[in-house]
Amino acid sequence: MGVWTAQFDFQPASVVRDSVQELEALGYTSVWVGENVGREPISQSGILLAATQRTIVATAVANLWARDPLSTAAAHQTLAEAYPNRFILGLGVSHPKLVNDIRGLSYGRPLQATRDYLAAMDSAAQHYRAVPAEEAIRMLAALGPRMLRVAAEHTDGVHTYLVPPEHTAHARQILGATKLLVPEQAVVLDSNKTRAREIGRQHLRRYLTLPNYTNNLRRLGYTTDDLDRHGSDRLLDALIAWGDEAAIAERVRQHLEAGADHVCLQVLDPDSRGLPLPQWRRLAGIIPAS
């Protein structure tokens, strides 16, 4: 079990180093950091790797529009060689709003763009002249069946986000038995239903304006009624695990039984910029034995 977090963006690097060291001591085996408009994720991965001894660090995910394929391939090789078996490059197409409006770039056809980008990375790697990594793991953010198939053909596995365990089972069927499958699972460590759902809904509302996610939820059988008004209770409870440690452990178990290799927990704190160290400490008690 690992941690998915965007909260490091709101902390100075000294606090980030101390926090990731504590996560390692608590028994979490991985830390997953995304890319939005905060810290650059590959650089941040270097900070996290340097601060720890065993923790696997993954970008979840690096925006493939943000850097050219050679730059990404070189960054991947750099960290994978420096920290053997500890860095995972996760890539994804992000969202039109972040690409077009924030970066001023042009969001193209995501499937073709992903295929072309991965092929260009493979080609660029042939020109890389520094010391290569013995192994460099590359994963893809994927939700729909076509992108899952691209991941199965051209990467080492898939990172999924905002999905219930039934999606994990579906993804495993497409990926086959040998590819990595790592879902993110948002959690609220609070047994008060009203309070937990309010925290969860504040998190969910930002994603229900993004077609990548709503299209996937519709494929899973959720309707307009579920997606309107920041999400129905049915949708929220399916996507966000809330309650005590036992309730969170049960959701992790469901993902693992559905075919996940690993589950990374995103703790939702009442303070959207807060660092959820108390919750991380409590949830360390449910980490499955290896």
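Here the structure is a predicted model, which is why all the values come from computation and not from measurement.
Exactly one of Pro183, Ser30, Cys264 qualifies for a side chain to side chain contact (heavy atoms under 4.5 Å, CB included) with Trp4. That residue is Cys264. Tested against Leu181 for a side chain to side chain contact (heavy atoms under 4.5 Å, CB included), the candidates Leu148, Ile174, Val158 yield a single pass: Val158.
With sequence neighbours excluded, the residues satisfying salt bridge (charged side-chain N to carboxylate O under 4.0 Å, His left out) with Arg138 are Asp122. Residues passing the side chain to side chain donor-acceptor pair (under 3.5 Å) test with Asp226, sequence neighbours excluded: Thr223, Ser232, Arg234.
Here the CZ-CG distance, from Arg229 to Leu235, works out to 12.0 Å after rounding to the nearest 0.5 Å. A distance of 6.0 Å separates CD1 of Ile137 from CG of Leu180, quoted to the nearest 0.5 Å. Atom-to-atom distance recorded for His203:NE2 and Leu236:CG is 9.5 Å, nearest 0.5 angstrom. Going from atom CG of Leu23 over to atom CG of Leu277 covers 7.0 Å, rounded to the nearest 0.5 Å. Arg197 CZ to Asp190 CG: the interatomic distance, rounded to the nearest 0.5 Å, is 12.5 Å. Distance check, rounded to the nearest 0.5 Å: CG of Asp269 to CD1 of Ile199 gives 7.5 Å.
In terms of modelled atom types and a separation under 3.5 Å, the side chain of Lys179 and the main chain of Thr155 share a donor-acceptor contact. Checking side-chain atoms of Gln77 against main-chain N and O of Ala125 turns up no donor-acceptor pair under 3.5 Å. For Thr59 (side chain) and Gly90 (main-chain N/O), a donor-acceptor pair under 3.5 Å exists by modelled atom type. Put simply, the side chain of Asn63 never gets that close to the backbone of Ser94: no donor and acceptor are under 3.5 Å apart.
Environment of CD in Gln112: crowded, with over 12 heavy atoms of neighbouring residues, nucleotides or ligands closer than 6.0 Å. Residue Arg219 qualifies as enclosed at atom CZ: its count of foreign heavy atoms under 6.0 Å is above 12.
Between Leu239 and Leu204, some side-chain heavy-atom pair lies under the 4.5 Å cut-off. Looking only at side-chain heavy atoms (C-beta outward), Val61 and Leu91 stay at 4.5 Å or farther from each other. Here the side chains of Val15 and Phe8 are not in contact, with every heavy-atom distance at 4.5 Å or above. Taking the side chain as every heavy atom from C-beta outward, Gln254 and Glu257 never approach each other to under 4.5 Å. Counting heavy atoms from C-beta on, the side chains of Val163 and Leu220 never come closer than 4.5 Å. Contact annotation: the side chain of Pro288 approaches that of Met1 to within less than 4.5 Å [non-hydrogen atoms, C-beta and beyond]. Side chains of Leu64 and Val93 form a contact here, defined as non-hydrogen atoms less than 4.5 Å apart. Looking at Gln266 and Thr5, their side chains never come closer than 4.5 Å, going by heavy atoms from C-beta outward.
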Quiz item: Tyr83 and Val57: side-chain contact (heavy atoms from CB on, under 4.5 Å), yes or no, with the steps?
Solution: CA-CA 10 Å; Tyr83 300 96; Val57 177; over 6 Å; no

Quiz item: Does the pair Glu22 and Arg281 meet the rule for a salt bridge (charged side-chain N to carboxylate O under 4.0 Å, His left out), with working shown?
Solution: CA-CA 9 Å; Glu22 180 168 352; Arg281 290 165 182 154; 2.5 Å; yes

Exercise. Given salt bridge (charged side-chain N to carboxylate O under 4.0 Å, His left out), test Arg146 with Glu153 step by step and report yes or no.
Key: CA-CA 11 Å; Arg146 292 184 294 173; Glu153 294 170 6; over 6 Å; no

Self-check item: Residue pair Gln21, Glu24: steps toward the side-chain contact (heavy atoms from CB on, under 4.5 Å) verdict
Solution: CA-CA 5 Å; Gln21 287 169 359; Glu24 183 172 80; 5.7 Å; no

Practice problem: Would you check, one step at a time, whether the test side-chain hydrogen bond (donor to acceptor under 3.5 Å, both in side chains) holds for His159 with Glu184? | Solution: CA-CA 7 Å; His159 172 60; Glu184 170 268 355; over 6 Å; no

Exercise. Step by step, work out the side-chain contact (heavy atoms from CB on, under 4.5 Å) result for Ile88 and Val182.
Key: CA-CA 12 Å; Ile88 296 174; Val182 181; over 6 Å; no

Practice problem: Show the numbers, then the answer: is there a side-chain contact (heavy atoms from CB on, under 4.5 Å) between Tyr213 and Leu143? | Solution: CA-CA 8 Å; Tyr213 295 117; Leu143 295 173; 3.7 Å; yes

Practice problem: Could you walk me through whether Arg218 and Thr224 pass side-chain hydrogen bond (donor to acceptor under 3.5 Å, both in side chains), step by step? | Solution: CA-CA 8 Å; Arg218 290 181 189 279; Thr224 299; 3.2 Å; yes

Exercise. Check the pair Trp242 / Asn192 against side-chain hydrogen bond (donor to acceptor under 3.5 Å, both in side chains), numbers first and verdict last.
Key: CA-CA 9 Å; Trp242 57 268; Asn192 181 289; over 6 Å; no

Practice problem: Take Asp233 and Arg201 through the test salt bridge (charged side-chain N to carboxylate O under 4.0 Å, His left out) and record every step on the way to the result. | Solution: CA-CA 9 Å; Asp233 288 346; Arg201 192 159 275 115; 2.8 Å; yes

Quiz item: Would Glu40 and Gln44 satisfy side-chain hydrogen bond (donor to acceptor under 3.5 Å, both in side chains), going step by step from the backbone distance to the final call?
Solution: CA-CA 6 Å; Glu40 196 282 322; Gln44 179 163 231; over 6 Å; no

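Residues Ala260 and Thr168 come closest through the heavy atom pair N-CG2, 3.6 Å. The two residues Gly200 and Ile240 make their nearest non-hydrogen contact at O-CD1, 3.3 Å. When all heavy atoms of Arg67 and Tyr117 are compared, the pair lying nearest together is O-OH, 2.7 Å. When all heavy atoms of Thr52 and Leu48 are compared, the closest pair comes out as OG1-O, 2.8 Å. Here the shortest heavy-atom pairing between Asn85 and Ile56 reads O-CG1, 3.9 Å. The two residues Glu245 and Leu283 come nearest to each other via the heavy atoms CG-CD2, 4.4 Å.
Residue Val99 is grouped with residue Ile42 when hydrophobic side chains (ILVMFWY) are merged at heavy-atom distances under 4.5 angstrom, including chains of intermediate members. Tracing side-chain contacts under 4.5 Å through hydrophobic residues (I, L, V, M, F, W, Y), one never reaches Val187 starting from Trp32; they form parts of separate clusters. Hydrophobic clustering (side-chain heavy atoms under 4.5 Å, transitive across Ile, Leu, Val, Met, Phe, Trp, Tyr) groups Val33 together with Leu79. Side-chain heavy atoms closer than 4.5 Å link hydrophobic residues (I, L, V, M, F, W, Y) into clusters, and following such links, even through other members, never connects Val3 to Met139. When hydrophobic clusters are built by joining Ile, Leu, Val, Met, Phe, Trp and Tyr residues whose side-chain heavy atoms come closer than 4.5 Å, directly or via intermediates, Val31 is grouped together with Leu275.
For Glu198 and Gln202, the side-chain atoms include at least one donor-acceptor pair closer than 3.5 Å.
Aromatic ring orientation, Tyr107 versus Trp65: tilted (interplanar angle from 30° to 60°).
Here Trp280 and Tyr28 keep their ring centres 6.0 angstrom or further from each other.
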